[in-house]
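Worksheet for the structure shown next.
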Number of protein chains: 2
Amino acid sequence: MGRWEPDARGRLAKAALDLYDRNGYEQTTVAEIAAQAGVTERTFFRHYADKREVLFDGSQDLQARMVAAVLAAPAGLAPLDAVAYALDAAAELMRSRHAFARRRRRVIHSHPELRSREVMKLTVLSDALAAALRDREVAEPAASLAAAAAIDVFHVGFEQWVGAAEENDFGALLRDLLGQLRTLAAG
Amino acid sequence: MGRWEPDARGRLAKAALDLYDRNGYEQTTVAEIAAQAGVTERTFFRHYADKREVLFDGSQDLQARMVAAVLAAPAGLAPLDAVAYALDAAAELMRSRHAFARRRRRVIHSHPELRSREVMKLTVLSDALAAALRDREVAEPAASLAAAAAIDVFHVGFEQWVGAAEENDFGALLRDLLGQLRTLAAG
């Protein structure tokens, strides 16, 4: 945080992912992460509550952007059209983070506790989108169902996106999946 | 398990829920649960790995029935029509368990770790339904999207069902929500 540690937070996050991916999440200590980032353990704990939290640094930003996109979407849209704006915002945020996301996913899936936290974050995100839809005067249960459908599309699309070795257009992928969900529901 | 402990498993589950609900999940010990059920701690651990597991005893049965329902559904159904059979099976299993489900939900929501496990169980359930759909020759991503949509309906419906003080028809509620999801997607 001080001027003597330019971007300590970012360097800690990068060091943590490097070490988790190379040596395993369980095997890596906060001391090792701090050393690789060139800071003290104390600095680590100024930025992150624990070594798990480093991996979920982006969740709040993702949620804030997706919620803001729903709230800013044109008035009068159908619920699923409003959450489509949240999916666009998510894709925009992920742009150029494909390599990072692939490595992060590998670490997350290596450990049940991390996977469980990831899934919980998606549930919290779904609840936040439902609340944003209610702010747009969408009634329940439509708000919760539309929000959950958007998160399904995000989840399925994310797995597909990070599963590919090369970065492809995440936004186009999400729009295509939303279209497929519509077709399924109509069929 | 022995004849000298008739339904020790069921009595332990009931004792655990009673104590969690009355005294709090954190505050309750395995020793107290065993004592209230009239068995030894050793018997507790023959049935459950830890005090958390007692609350998730029914998850495997629920999953097995929902998967079996998808696999047994008439051939040639659209994916969402096939998973509707899983929702019927879930409602059938829950019948007459409303009071239990309400108390259980209160305990689950009192503790983030329990809530996180509950959400993870739903994700595992969704993956299992997707696999069952693939066994029915449903391709990806349709299988994953339809399975996730069914779990959304189950999740939203369950909250609504246990939110009501009196038991109402869970199956009818789930069918109605699936219909609303179809309308949303079409709209």
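Every chain is numbered from 1, with letters handed out A, B, ... down the list of sequences. Note: hydrogens, waters and symmetry copies are ignored here, and every other heavy atom, side chains too, is used.
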Answer yes or no: is there a donor N or O on one side and an acceptor on the other, between the side chain of A:Tyr85 and the main chain of A:Ala68, under 3.5 Å?
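Between the backbone of A:Ala68 and the side chain of A:Tyr85 there is no qualifying donor-acceptor contact (under 3.5 Å).
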
CZ of B:Phe154 to CG of B:Leu177: how many Å apart, nearest 0.5 Å?
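Answer rounded to 0.5 Å: 12.0 Å.
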
How many angstroms lie between atom CZ of A:Phe170 and atom CG of A:Leu93, to the nearest 0.5 angstrom?
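Going from CZ on A:Phe170 over to CG on A:Leu93, the span is 10.0 Å.
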
So which of A:Asp81, A:Leu122, A:Asp152 has the largest heavy-atom pair count under 4.5 angstrom toward chain B?
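Looking at each of A:Asp81, A:Leu122, A:Asp152 in turn, A:Asp152 comes out on top.
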
Which region of [X], side chain (C-beta onward) or backbone (N, CA, C, O), has a non-hydrogen atom less than 4.5 Å from a non-hydrogen atom of chain B, or is it both or neither?
X        : value
A:Leu181 : both
A:Gln160 : side chain
A:Ser116 : both

Run B:Thr43 and B:Thr40 through side-chain hydrogen bond (donor to acceptor under 3.5 Å, both in side chains) and show every step you take.
CA-CA 5 Å; B:Thr43 298; B:Thr40 62; 3.0 Å; yes

Regarding A:Glu118 and A:Arg104, does a basic nitrogen lie under 4.0 Å from an acidic carboxylate oxygen?
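A:Arg104 and A:Glu118: salt-bridged.
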
Could you check which of B:Ala186, B:Pro141, B:Ala147 has the highest count of heavy-atom pairs closer than 4.5 Å to chain A?
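Option with the greatest count: B:Pro141.
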
